[in-house]
Every structure is written in C-alpha cells, then in structure tokens.
Amino acid sequence: MIVFSAISLSMLLILGVVMYYRFSALSRHEIIQSTQKLMEQTSESLENYLVSMRQISDAVYYNVLKENDLHDQGNNIQQGMNLLYEANKSNLRSIAIYNHYGSLVAAEPIAAQKEDPNITNQEWFEKAVDEMENMHFSTPHIQNLFDDFSRRYYWVISLSRVVELTEKGVTQSGVLLVDMDYSSISRMMKHINMSNNGQYYYLCDNNGRIIFHTQQIQINKGITKENSKVTAEYKDGVYDEVFEGERRKVIVNTISYTGWKLVGVIPYAAFTHGMFNIRYFIVMFMLLMAMMLVLINRVVSVRISSPILKLNDSVMEYEAGKKPEIYIGGSVEIRHLGYSIQQSYEQIDILMQEIVLEQNERRKSELDALQSQINPHFLYNTLDSITWMIEGERNDEAVSMISELARLFRISLSKGRTVISIKDELQHAQSYMNIQKIRYKNFFSITFDVDSAVYSCCIVKLVLQPILENAINYGVTVMDDGGEIKVTGRKEDGNIILSVADNGVGMSEEQVRLILTDNNRVHKHGSGVGLVNVNNRIQILFGKEYGLTVESELDEGTTVSIRIPAIPFTEENREILEKGHQYLLKNGIIDHEE
C-alpha cells in the first residue's frame, strides 16, 4: 500500500504540476490576448481622436485659409475658425495661425496673446518649419500662449503644420496650431489603467518621451523610471524584458499618423495574481484524488495481502503443530501457492512417516544386534559346572543351578520383548548372581537394596547382568579375600537410579573416561558386551540424556549407575517404547501414568 500510494501520489503531484503550468500558460496567453484586444480598441479610439484633430486642421487650412485673403477677407477667416472651434470645442483648447515671423495672424477663441511668448522658439513651431511636409504632434504641456482671465492652466497636445497664407494676392508661409485638450487622451488612458494586479499602460512618442503614464509626475521628478526609450524602438508585438530586476511582458502598438507607441506592461506577478482560484482548484482536486487513490490502494492492497496473510497464518499454525487446513483463496497465483504448500506438507508428512518407520526398524536392528552380542561363554561355563556337580553327585546343587539358569533364560527370552519390568530385570540379575556364587563357591557376597516403588517401571532387559559381570571379573574376584557387591534402586525427580557398587580394586581416571567411549577395547574376561553396549541400548530406547555413569577410585571400588525415566510398566507403554516413541513420553505427549 505504501509503494502504491507513493507511486500514485508522485504521479498525481506530477499531474498537478503539469496542470498548473498548463493552466498558467493558458492564463498567461488569455491575459496577453485580452491586453492586446484592449490596446487595439484604445488605439482605434486614439486614432479616431487624432484623425478628428487632423480633419479640423485640414478644414482650417483648405476650407478657410486657402479660400480667403488675409487682407480683404479677415472676417471670413475668423468666422470659419469660430465655426470649427464651436463645433469641436469639447476636444479643443485653441486654434491659432502664425506667419513665418511668429506673429499671430488669427486665433479662436479670441484671446489676448501673452507678451513676448517667443513663438519661433516653441518646439511645435520649430518642428513644423523643419519638416514642412508633415503634421507634428507635441508631448503634453501647459498652454502658455494666451491670457486666460479665469487664471486656469490647461494641459494640451499641440498639432502643428506649415500652411500657405495669402495676403493681397501674395503667398507666404505660416504655421497652423491646433491645441487639443489633453484631458480627452488622459481619460482614455485612465480608463484602461484600472487593473489592480500591477498591469498598466502608457503612451510615448517615437523618441520615447512620455505622453501619458500612471506615474508621470514621479517620472518627471526622477523618483521612478520607465523603459520608454528602449520600448520606442520596438515594433508592434509582444516582448519579454527585465527592467530594474523585474521580469515583465511588454506589448507595443503603434498609433497611426503620429508614431506614438501605446505600451502595455504586464509584470510576471500579474500572471500569478489571477492564478489563485486555479491553484485552489488544483489543490482541492489533488487532495480529493489523493484520498480516492489512498482508498483505492487500500482496497487493492487488502485484496492482495489478506489472502497472503491468511495463508501465512495457516502455515504458522501448521508449523506450530496444530496442523490446520492450509488456506486456499484469493487470486489464482495465491490459490496455486496454497495448493503447492499443502501438497508439500502432505509429502513431508509421508516422508516423515517413512523416516520414522525406517528409524524404528533400524533401532530394532541395532537393539537386536547389541542383544546378540552376549557371549555364550557364560552359558558354557555354567553347563560345565552343572556337569561337574552331577558327576560329583551334588545333585541338589545341580538342580538349584539348573532352576536358576531356567529362570535366567526365561527372562532373557521374554517372548522376544526388549522392554521388561524392573522387577523382572532384578529377578534376572539375582538368578545370574546365584549361578555365579555357586561357580565361585561364595567367594563374594551380593546384596539387593531396591525400593519396591520402582518394581513396576519399564527398563531395557539385560542391563544389570553385564554390569554385575564386570563387577565380578574386574572388581572382586581379583581380590585375595573376595569382596562385596551391592545393588540399589530408588526413584528421584521422575527418574529411576539403579546402581551396582563393589569394593574391588577400582579404576584409574583414564580408564573411567574411556570405559563408556571406547567400544574397541579388548576384554580379558566376561561376556565382552561391555558397558558401552549397555549405555547404547539405554540411549537408543530412552534418549541421549539417559544411560550410565561410572564412578571409581583405585583400591576403593567402582559404582556404575543406570539412569532411566520412571515410566510405568504397562503393555501400552511397552509397545510404544519398543516402537521407538520414547520421545512422546519424554515430551509429555503421552503421560507416564497412562
């Protein structure tokens, strides 16, 4: 789920960024297009206004001045100028005619000219004289030619041109001046400069001089600057520029007849100003999509992981020994995996059963092999002793020895069983020792001190005899005055301890260390089975934690102890032990009392 969510959110983030930049580009394009349309409309309005001013100039020149002589028809000229002024006075401040010396010829409205206005040095006059073939538009300035009794000052834009004046039939050049009211242009420009996002428009001439600007006063005072001189060199179009560290778009539109440049400035901040709603929409859209994707990923991950978790739980329960049915569900792949695991466990169970059977057979074979190692030397010696007794007419002793031998072999055979009761094992040991005492003419003594509580427990048969045989051969018979052998038995912490102790010659530490580990030692006397044989048989049946321990000191004697679990002797327990299930008893799977 984490991986899917991370991938989904990453893709969603990329999508959001792409959408934002796409919307941003579209918004920028729309802003530029709307700005261009607004500038085109404003340019048309300015052009219409300037055309009307040019038409007034043409009317004064062609309809008034060309048709009348200054000397004889001065009143006609004044009346014609008055008619034109009255018809357009909402957009005009004055109409004036000057001769080439700068003297006022006529003016409308009729006003008194200021003293020595120095007409020939006025910029509008100089441009008209220098370029006689063109009309010239000045930058905004305060009109300073005529006295206004209202004491008011007006900003005007002067349209000037060279005209021909006729006086008494003589033609001379002069200058026609039409002062347009700057407020009309100012209103047009202020109308489009209503944006609050930092976007603005200004008007300049082809030399970069400002005609209108929203911060014109600050520019004139040098408080702020405008890149108008560079912009005046631009052709119509859209430009990227950096001015005073600010990136912005500049749109240029040239006004016909004048060379003026209408310039729209769009700071890049204006593009992001209108993107708030789009950003809000994209963020909300991404949050909604993220929630939906997380929910979908959760559902998908649960549908994928839930069968896997159930399969894992059933496998863990199986490994814990509960052996439930392996979960099979989910997608095709997971069902196939469940079937494969189930089949694997079934095959493992079959193999385990086969291994257990093989191990049981092997254990039985090992026990039989160890059992068969009993040397018949003891039997030969016993039969020889019985023969000597009969020949010596010691019939009672011979009968007693034969009876003990019969009991010994009855227990030894035990109907082919490996596990017998401790009581029977003790009876077998007593019969064996009775025979040996007769053979050795009571050269040693034997005592049995076994707690009756252990009689009814299980033991491997024929484990005491080899130990007693070693005690006789290696312990007491080599002594001059015979010796003592003592057999004890008790229950201790759920185990049974059977011990065979003698007061014979004992063994060294090295002999004690090797006696249970070296199975290749050559025995001088006895059966040859050895204590290694007995220890192996006990461990095969009951486990590695059970078996023999040997304690001995030279000239002090030897004690051999048998440690086995206290398992009640029942037919069921005997069969279980002989089938190799001693680990069930050891782990408590089968209760000892059962």
Side-chain angles (χ1 to χ4, degrees), residues 35-65 80-81 83-98 107-108 122-143 145 154-163 175-193 200-214 216 228 231-236 251-264:
T35 301
Q36 286 178 319
K37 289 181 180 179
L38 181 60
M39 289 178 65
E40 288 175 0
Q41 294 172 358
T42 305
S43 295
E44 290 179 0
S45 299
L46 288 172
E47 287 175 1
N48 291 335
Y49 176 73
L50 296 174
V51 166
S52 67
M53 295 299 102
R54 182 172 179 173
Q55 288 174 347
I56 293 171
S57 176
D58 288 340
V60 171
Y61 180 38
Y62 293 108
N63 297 333
V64 176
L65 295 180
M81 291 174 61
L83 289 174
L84 289 172
Y85 174 78
E86 291 295 331
N88 299 279
K89 66 180 180 179
S90 60
N91 295 324
L92 291 178
R93 281 293 135 202
S94 63
I95 302 173
I97 302 171
Y98 294 88
E108 188 63 37
Q122 297 282 335
E123 182 182 3
W124 55 267
F125 190 91
E126 291 178 348
K127 282 191 173 182
V129 173
D130 291 341
E131 298 180 15
M132 300 175 58
E133 68 278 3
N134 295 329
M135 291 184 182
H136 302 280
F137 292 88
S138 70
T139 57
H141 61 278
I142 295 175
Q143 188 186 63
L145 299 177
Y154 299 96
W155 283 85
V156 296
I157 294 176
S158 298
L159 169 61
S160 59
R161 65 189 294 181
V162 172
V163 296
V175 176
L176 173 62
L177 173 67
V178 178
D179 281 335
M180 300 179 294
D181 192 353
Y182 176 69
S183 62
S184 298
I185 295 177
S186 178
R187 281 194 301 271
M188 293 182 195
M189 295 300 297
K190 287 180 179 178
H191 180 71
I192 62 175
N193 276 286
Y200 64 92
Y201 304 87
Y202 70 89
L203 194 64
C204 67
D205 63 10
N206 55 0
N207 294 318
R209 292 183 299 176
I210 298 296
I211 298 173
F212 176 88
H213 198 288
T214 56
Q216 190 161 354
S228 57
T231 306
E233 298 178 0
Y234 291 159
K235 295 181 179 179
D236 291 1
I251 304 172
V252 179
N253 199 337
T254 303
I255 308 298
S256 300
Y257 310 115
T258 64
W260 290 358
K261 304 283 186 178
L262 177 60
V263 182

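What you see is a predicted model, and the numbers here were worked out from it, not measured in a lab.
- A donor-acceptor pair under 3.5 Å is absent between the side-chain atoms of N207 and the main chain of R209, judged by distance alone.
- L84 approaches L92 most closely through the heavy-atom pair O-CD1, 4.5 Å.
- Of the charged side-chain nitrogens involved, at least one lies within less than 4.0 Å of a carboxylate oxygen, so that E86 and K89 count as a salt-bridged pair.
- Shortest non-hydrogen contact noted between S186 and F212 is OG-CE1, 3.7 Å.
- Using modelled atom types, no side-chain atom of D179 and backbone atom of S94 make a donor-acceptor pair closer than 3.5 Å.
- Contact record, M81 with V60: CG-CG1, 4.4 Å, taken as the closest heavy-atom pair.
- Of all heavy-atom pairs between L177 and S158, the closest is CD1-CB, 3.6 Å.
- Residues L159 and L176 have side chains not in contact (no heavy-atom distance under 4.5 Å, counting atoms from C-beta outward).
- In this structure, S138 contributes its side chain and W124 its backbone to no donor-acceptor pair below 3.5 Å.
- Here the side chain of S45 pairs a donor or acceptor atom with the backbone of Q41 at under 3.5 angstrom.
- Side-chain contact between Y201 and M189: present, with at least one pair of heavy atoms (C-beta onward) separated by less than 4.5 Å.
- A donor-acceptor pair under 3.5 Å links the side-chain atoms of K261 to the main chain of Y234, judged by distance alone.
- When ring centroids are compared, H141 and Y182 stay outside the 6.0 Å threshold.
- Heavy-atom minimum distance, S43 versus I255: OG-CD1, 3.6 Å.
- A salt bridge links D58 with R161: the distance from a Lys NZ or Arg NE/NH1/NH2 to an Asp or Glu carboxylate oxygen falls below 4.0 Å.
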